[in-house]
Asker: 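Handing you a structure now.
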Amino acid sequence: MDIPKAYEPALVEQKWYRTWEESGYFKADPSRSGVPYSIVMPPPNVTGSLHMGHALNITLQDIVIRWRRMQGLNVLWLPGTDHAGIATQNVVERQLAEQNLHRLDLGRERFEALVWEWKEKAEANILSQIRKLGSSCDWSRTRFTLDQGLSGAVREVFVRLYEAGLIYRGEYLVNWCPRCTTAISDLEVDYRPIDGKLWHIRYPLKGSNDLVVVATTRPETMLGDTAVAVHPDDERYFHLHGRKIVLPLMERDIPIITDPFVEKDFGTGVVKVTPGHDPNDFEAGQRHHLPVVRVIGEDGKMTVEAGPYSGLDRYAARNRVVQDLESKGLLAKVESHSHNVGTCQRCETVVEPLVSKQWFVRVKDLAEPAIAAVAHGRTVFIPENYSRVYFEWMRNIHDWCISRQLWWGHRIPAWYCKKCGEMIVARIEPSHCSRCKSDRMEQESDVLDTWFSSALWPFSTMGWPEATADLKVYYPTQTLITGFDIIFFWVARMMMMGLRFMNDVPFRTVYINGLIRDEQGQKMSKSRGNVIDPLQIVEEYGTDAIRFTLAVMAVPGTDIPFSVSRMAGYRAFCNKIWNAGRFLLLNLSAVPLPDAEEMDRLYSSGQLRLEERWILGRLQHAIRDTNENLEKFRFHEASNQLYHFFWHELCDWYLELIKANLAAKDKATAVLTSKVACYVMEVSLRLLHPFIPFITEELWQRLPHSGPSVMLSSYPRPKPQWIDGESIEQMEELQEVITAIRTARAETSVDPRKKIESHISCSEEAAAFLKSQEHHLRSLAQLSSVSFNAEPHGKGLRIQGMTKTVEFALILDESLDFEADRDRLRREIARLQKDVEKLGQKLQSADFLNRAPAEVVQATRQRYEDGLEQLRGLQEKLAALSGS
RNA sequence: AGGUGCGUAGCUCAGGGGAAGAGCACUUCCUUGACACGGAAGGGGUCAGCGGUUCAAAUCCGCUCGCACCUACCA
């Protein structure tokens, strides 16, 4: 048998992935039987390549999908990518900038062509990375948000919402990025603390020599002031009510208004009102019907409305305004003041709030059913507290600005008549104006916010608005797995759109995965230089190792400090699995894999030995736990528990215990042992497959199996009747005795290879049991002989020890370290004494005896008595040793 | 300002009302024919602090301290 000593992922991953894909194992078929189970993959942006967050997200989805597929469900996992408007446009713009070019130099068409070129490359790269992670998604259904089909869905939704009055166009204050030269939504603004200044400016009161002092962090906006406001109840300023201000520098009269939005305690309690450049002021302006003066333009420079400051950059204008005020004696004082400044999430430029004509979705009516759906549990968040995050935002939702002044995205399906100005919103480009019949129509140049198309993803990808078989079978999807950072951006909007256009929630469960951080818990970022490239990790450690690591660390909703050293531990686990398989391959008698009936027969035939009944029982536990944990999306517990089962039960004990029998000269014994071992291994591989698909497939194929692929085999279901309490207890006893003997040997520095004589005294019952397992005692504890309840013959030195049920002596014919032995005994005695004391106290308490459940009291008493007895024994041994 | 989460072994983290867990690191020993990406054994924790509920609290509740994050907004 040609099987390498160490698992080499590179040799198997590509091979199996290609086989799976080419055999069509990933393909969904709406016409097949089985309960549908679908997931749409959160589409990665075509901005670059996958990061660890994607690796986590994709791994978890694949685990769920492979598990459900093996359970026999009718599975669809639909992959794809997102055009990511601003982000992708920025990437290409940056490349142009390197050649000293701007997109305006190219024009819209040529620029778009360039972005498409980029997209093709990025997408190909991303999809191949997704493959490398072992993802079993249906590639025949791969979608891209700018695909023809999806674009059709976008248009359809836009038109329907417009016709329903839920989309409107108007002049409002929006967040504007002067660098990207586009509007961005509230969610795309990051606030950062900035050490700024608070300028106190004297505003002359009209018709008097009085001055009113206002405080501002943005003096340049005063050029656009159209009022000054005070709180209506502020006694200090009652005399100002109804008066006017002569706005300095601009020398125009503006009213003093009263409005409760003014905070009396901040600054001077008098605030300048600039409806054109501040969200609060904009609203105040609407309340008081103030004119809007736009002094800062879309390029971040002062407009003609700024008079003498026109053409200056907004920051240059600030300096000039301050200088001019100072020279006129109108600057009362300057304080340093730290405050939050909004910046563009994509390019970090300070955002300029400004009034412009934009498209909006009226969102209240859409939000209501989406709130209700979660409130009624039609969609459930895991962990559950994220529903609070969702509610909080949904209940305070603002209209959604969906237009972007970009070139990369879905062009808004609105046309304007160049002749009469009529606007037409339509599914197909109108050939002429419906009002004046002119054929000089021009399409709206704005594109839609990326999230507008992403919001349709769960159904647009399945062919909506056509009534496709996919939609019928696979919508709503079962599960969405995504990060908390896009609950508002994406999850909430999919909820709204799904309910509106499909009349049902887009997914039953939203599992929120955590953020991947570095080992020190720092966010991974290029600027910190702590980014780990998942594909590089895959090359170094293998896909299975990274997948298992991510699964083990995936505690729902909490961040994951990704640790390479920890992953090395899970690579070792893969290697362990490999070698367990290798061991069987090298030692099995040639037997076919026993089927379920044969195993049932064997189990009830009474031929199975302790270790076999035990491991079959433990296997059922593992099966049950894995299924239960996956059901609850507890990936970390599912995988951790499998790790423990496979390594520390199956490998450490079971495989060790069957070695002799596997190699037994007695053919029947060897065959029986082989059969059970085959079975245990085969089930374990199936159990592990969703987590570590490659190594399990490779071993499964090499070992006795039936069927074309482990990924198509059935997922193990527990057989509770194979959980045999007696074998588990007996096994524990055996393990305890073996471990105690090993400990005694190790601590007294007996040569580990030396077979030694042993003597055990215990109850008749225990003796009978241990006698039946004598071969195991000998091989695992390195004993030459075991005698029971008889005085040891021979006069060698003795090491003594005990467990709950036995006392033992190991006979040596050479000197040994008695002091070490005494030390060991003293330590054990001290430890036991503490325990026993604590238990004794508990048992003294009448409250405990009366109120604690009977089985707890019983268990406590048992432990107490065992402890006492052990303590007595140990003290005797110590005394004997000290005497010698 | 409001909210959420976290503080458990040297490090990174699970667990969660009835005997402290994992990976890595550490100590000692072992190249015995699955595996040194290994085996055996071991050291190491008043589970942030203070109070409360309970027969029983690392676990539930309250407060304090420290650390993250989210939302809102600060003229």
Asker: Expressed as a whole number of Å, how far does the C1' atom of B:rC50 sit from that of B:rC11?
Answerer: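 Those two atoms are separated by 28 Å.
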
Asker: Using a cut-off of 4.0 Å on non-hydrogen atoms, how would the nucleic acid contact of A:Arg745 be classed: base, sugar-phosphate, or nothing?
Answerer: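 If one applies the 4.0 Å heavy-atom cut-off, A:Arg745 turns out to touch nothing in the nucleic acid.
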
Asker: Could you give the distance separating B:rA22 and B:rA40 at their P atoms, to the nearest angstrom?
Answerer: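 Each nucleotide's P atom is 14 Å from the other's.
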
Asker: Which residue, A:Gly269 or A:Ile560, contacts RNA chain B at a nucleotide closer to its 5' end, judged by nearest heavy atom?
Answerer: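 Of the two residues, A:Ile560 wins.
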
Asker: Would you find a donor on one side and an acceptor on the other, under 3.5 Å apart, between the side chain of A:Arg745 and the backbone of A:Pro752?
Answerer: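 Looks like yes, one N/O pair under 3.5 Å.
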
Asker: Taking only the C1' atom of each, what is the distance from B:rC47 to B:rG7 in whole angstrom?
Answerer: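 Those two atoms are separated by 10 Å.
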
Asker: Take atom CG of A:Asp835 and atom C1' of B:rA19, then tell me their distance rounded to the nearest Å.
Answerer: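 Computing the A:Asp835:CG to B:rA19:C1' distance gives 7 Å.
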
Asker: Between B:rG17 and B:rC61, how far is it from one P atom to the other, in whole Å?
Answerer: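 Comparing P positions in B:rG17 and B:rC61 gives a spacing of 10 Å.
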
Asker: Please state the C1' separation for the pair B:rA14 and B:rG23 - nearest whole angstrom.
Answerer: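 Nearest-Å result for B:rA14 against B:rG23 at atom C1': 10 Å.
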
Asker: Send over the distance from A:Phe391 CZ to B:rU4 P, rounded to a whole Å.
Answerer: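 Those two atoms, CZ and P, are 15 Å apart.
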
Asker: Of all the nucleotides listed (B:rA22, B:rA34, B:rG3), which has the minimum atom distance to the side chain of A:Phe583?
Answerer: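 Side chain of A:Phe583 sits closest to B:rA34.
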
Asker: Counting heavy atoms from C-beta on, name the nucleotide in B:rG23, B:rA34, B:rG38 closest to the side chain of A:Trp647.
Answerer: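 For the A:Trp647 side chain, the nearest candidate turns out to be B:rG38.
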
Asker: So, OP1 or OP2 of B:rG15: does either fall under 4.0 Å of a side-chain N or O from A:His636?
Answerer: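 Indeed, a polar side-chain atom of A:His636 lies that close.
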
Asker: A:Asn579 CG to B:rG33 P: how many Å, rounded?
Answerer: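 Distance, rounded to whole Å: 13 Å.
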
Asker: Between A:Glu352 and A:Arg314, is there a salt bridge with N-O shorter than 4.0 Å?
Answerer: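 Yes, this pair counts.
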
Asker: On a whole-Å scale, what distance lies between the P atoms belonging to B:rC60 and B:rC73?
Answerer: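 Comparing P positions in B:rC60 and B:rC73 gives a spacing of 34 Å.
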
Asker: Considering only heavy atoms and no angle criterion, is a donor-acceptor pair shorter than 3.5 Å present between the side chain of A:Lys659 and the base of B:rA34?
Answerer: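 Present.
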
Asker: Closest to the A:Arg831 side chain: B:rA75, B:rG18, B:rG43?
Answerer: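 Shortest atom-to-atom distance from the side chain points to B:rG43.
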
Asker: So what does A:Val856 touch, heavy atoms closer than 4.0 Å: a base, only the sugar-phosphate, or nothing?
Answerer: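 Touches a base.
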
Asker: Can the ring centroids of A:Tyr570 and A:Tyr541 be said to lie less than 6.0 angstrom from one another?
Answerer: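 No.
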
Asker: For A:Lys5 and for A:Trp653, locate the closest nucleotide of RNA chain B by heavy-atom distance; then report the residue assigned to the nucleotide nearer the 5' terminus.
Answerer: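 Between the two, 5'-proximity favours A:Lys5.
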
Asker: Counting Watson-Crick and G-U wobble pairs only, both distances under 3.5 Å, name the nucleotide matched with B:rC37, or none.
Answerer: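 Pairing partner, where one exists within any strand: none, as none qualifies.
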
Asker: Taking the minimum atom-to-atom distance to the side chain of A:Thr743, which one of B:rA34, B:rG42, B:rU4 wins?
Answerer: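 Of the options given, the side chain of A:Thr743 lies nearest B:rG42.
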
Asker: Taking N and O atoms by type only, does the side chain of A:Arg863 place a donor or acceptor under 3.5 Å from a partner on the base of B:rA19?
Answerer: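 Under the 3.5 Å cut-off, the side chain and the base do form a donor-acceptor pair.
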
Asker: How long is the line joining CE of A:Met567 and C1' of B:rC11, in whole Å?
Answerer: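 Interatomic distance, CE of A:Met567 to C1' of B:rC11: 17 Å.
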
Asker: Is there a Watson-Crick or G-U wobble partner for B:rA25 with both distances under 3.5 Å, and which nucleotide is it?
Answerer: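 In the structure as shown, B:rA25 has no Watson-Crick or wobble partner.
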
Asker: Give the rounded distance in Å between these two atoms: CG of A:Asp559 and C1' of B:rC6.
Answerer: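 Between C1' of B:rC6 and CG of A:Asp559: 10 Å.
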
Asker: So A:Phe573, base contact, sugar-phosphate only, or nothing? Heavy-atom distance under 4.0 Å.
Answerer: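 The residue A:Phe573 makes no contact with any strand.
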
Asker: Heavy atoms only, 4.0 Å cut-off, all strands: where does A:Val552 land among base, sugar-phosphate and nothing?
Answerer: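 Touches nothing.
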
Asker: Which of the following nucleotides, B:rU12, B:rA75, B:rA34, is nearest to the side chain of A:Pro561?
Answerer: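 Looking only at side-chain atoms, A:Pro561 lies closest to B:rU12.
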
Asker: For A:Arg634, which contact category applies under a 4.0 Å heavy-atom criterion: base, sugar-phosphate, or nothing?
Answerer: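 Result for A:Arg634 = sugar-phosphate.
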
Asker: With a non-hydrogen cut-off below 4.0 angstrom, is A:Thr221 in contact with a base, only sugar-phosphate, or nothing?
Answerer: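 A:Thr221: no heavy atom of the nucleic acid under 4.0 Å.
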
Asker: Figure out the CE/P separation between A:Met681 and B:rA34, and round it to whole Å.
Answerer: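 Nearest whole value for this atom pair: 14 Å.
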
Asker: Which listed nucleotide (B:rC69, B:rG15, B:rG23) is nearest to the side chain of A:His648?
Answerer: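 Nearest to the side chain of A:His648 among the choices is B:rG23.
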
Asker: Quick check against the 3.5 Å criterion: does A:Asn587 have a side-chain atom that pairs as donor or acceptor with the backbone of A:Phe583?
Answerer: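 Judged by distance alone, yes, a pair lies under 3.5 Å.
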
Asker: By nearest atom, which of the nucleotides B:rA34, B:rG42, B:rC30 is closest to the A:Arg753 side chain?
Answerer: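 The nucleotide sitting nearest to the side chain is B:rC30.
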
Asker: Using distance alone, with no hydrogens and no angle criterion, decide if A:Thr221 and A:Lys272 have a side-chain donor and acceptor under 3.5 Å apart.
Answerer: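 A:Lys272 and A:Thr221 do have a side-chain donor-acceptor pair below 3.5 Å.
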
Asker: Going by the angle between their ring planes, with limits at 30° and 60°, are A:Trp393 and A:Phe488 parallel, tilted or perpendicular?
Answerer: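 Ring orientation of A:Trp393 relative to A:Phe488: parallel.
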
Asker: May I ask you to verify whether the side chain of A:Glu656 and the base of B:rA34 hold a donor-acceptor pair under 3.5 Å?
Answerer: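 It does, because a donor-acceptor pair links the side chain of A:Glu656 to the base of B:rA34 below 3.5 Å.
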
Asker: Is it true that A:Gln870 and A:Asp866 share a donor-acceptor pair across their side chains at a distance under 3.5 Å?
Answerer: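 Per modelled atom types, A:Asp866 and A:Gln870 side chains form no pair under 3.5 Å.
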
Asker: Show the numbers, then the answer: is there a side-chain hydrogen bond (donor to acceptor under 3.5 Å, both in side chains) between A:Trp653 and A:Glu611?
Answerer: CA-CA 8 Å; A:Trp653 290 98; A:Glu611 60 274 18; over 6 Å; no

Asker: For A:Val273, which contact category applies under a 4.0 Å heavy-atom criterion: base, sugar-phosphate, or nothing?
Answerer: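 Answer is nothing: A:Val273 stays at 4.0 Å or more from every strand.
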
Asker: Does a side-chain N or O of A:Arg388 approach OP1 or OP2 of B:rU4 to a distance below 4.0 Å, or not?
Answerer: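 Checking A:Arg388 against B:rU4: at least one side-chain N or O falls below 4.0 Å of OP1 or OP2.
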
Asker: Take atom CZ of A:Phe635 and atom P of B:rA22, then tell me their distance rounded to the nearest Å.
Answerer: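 Rounded to whole Å, this separation is 24 Å.
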
Asker: Closest to the A:Ala572 side chain: B:rC37, B:rG15, B:rU12?
Answerer: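 Out of B:rC37, B:rG15, B:rU12, the nucleotide with an atom closest to A:Ala572's side chain is B:rC37.
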
Asker: Assign A:Thr549 to base, sugar-phosphate, or nothing according to its heavy-atom contacts below 4.0 angstrom with the strands shown.
Answerer: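 Counting heavy atoms under 4.0 Å across all strands, no contact is made by A:Thr549.
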
Asker: Whom does B:rC67 pair with, Watson-Crick or G-U wobble, provided both distances fall under 3.5 Å?
Answerer: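 Matched B:rC67 with B:rG5 under the 3.5 Å cut-off.
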
Asker: Select base, sugar-phosphate, or nothing to describe what A:Cys651 touches, counting heavy atoms under 4.0 Å on all strands.
Answerer: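 It contacts base atoms.
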
Asker: To the nearest Å, give me how far apart OH (A:Tyr191) and P (B:rG2) are.
Answerer: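 Nearest whole value for this atom pair: 19 Å.
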
Asker: Looking at the side chain of A:Glu263, which of B:rA41, B:rA75, B:rG18 is the nearest nucleotide?
Answerer: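 That would be B:rA75.
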
Asker: So, is A:Thr558 near the phosphate of B:rA14, with a side-chain N or O under 4.0 Å from OP1 or OP2?
Answerer: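 Checking B:rA14 against A:Thr558, a side-chain N or O does come within under 4.0 Å of OP1 or OP2.
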
Asker: Please report the distance separating the P of B:rA72 from the corresponding atom of B:rG10, rounded so that it comes out in whole Å.
Answerer: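 Their P atoms lie roughly 40 Å apart.
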
Asker: B:rC29, B:rA41, B:rG15: which one has an atom nearest the side-chain heavy atoms of A:Pro752?
Answerer: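 Shortest atom-to-atom distance from the side chain points to B:rC29.
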
Asker: Looking only at atom P, what distance separates B:rU53 and B:rA41, rounded to whole Å?
Answerer: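 Nearest-Å result for B:rU53 against B:rA41 at atom P: 45 Å.
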
Asker: Any strand is fair game: report the nucleotide pairing with B:rG43 by Watson-Crick or G-U wobble, both distances under 3.5 Å, or none.
Answerer: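 By the stated definition (distances under 3.5 Å), nothing pairs with B:rG43.
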
Asker: Test for a donor-acceptor pair under 3.5 Å between the base of B:rC35 and the side chain of A:Lys576, counting only N and O atoms.
Answerer: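 In this structure, the two groups form a donor-acceptor pair.
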
Asker: Can you classify the ring geometry of A:Trp647 versus A:Tyr643 as parallel (below 30°), tilted (30 to 60°) or perpendicular (above 60°)?
Answerer: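 Plane angle between 30° and 60°, so tilted.
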
Asker: How would you label the contact of A:Asp281 with the nucleic acid (heavy atoms, under 4.0 Å): base, sugar-phosphate, or nothing?
Answerer: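 Result for A:Asp281 = nothing.
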
Asker: Going by distance alone, is a donor N or O of one side chain under 3.5 Å from an acceptor N or O of the other, for A:Thr274 and A:Asp225?
Answerer: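 A donor-acceptor contact under 3.5 Å links the two side chains.
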
Asker: Which base, if any, makes a Watson-Crick or G-U wobble pair with B:rC50, both distances under 3.5 Å?
Answerer: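 Result: B:rG62.
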
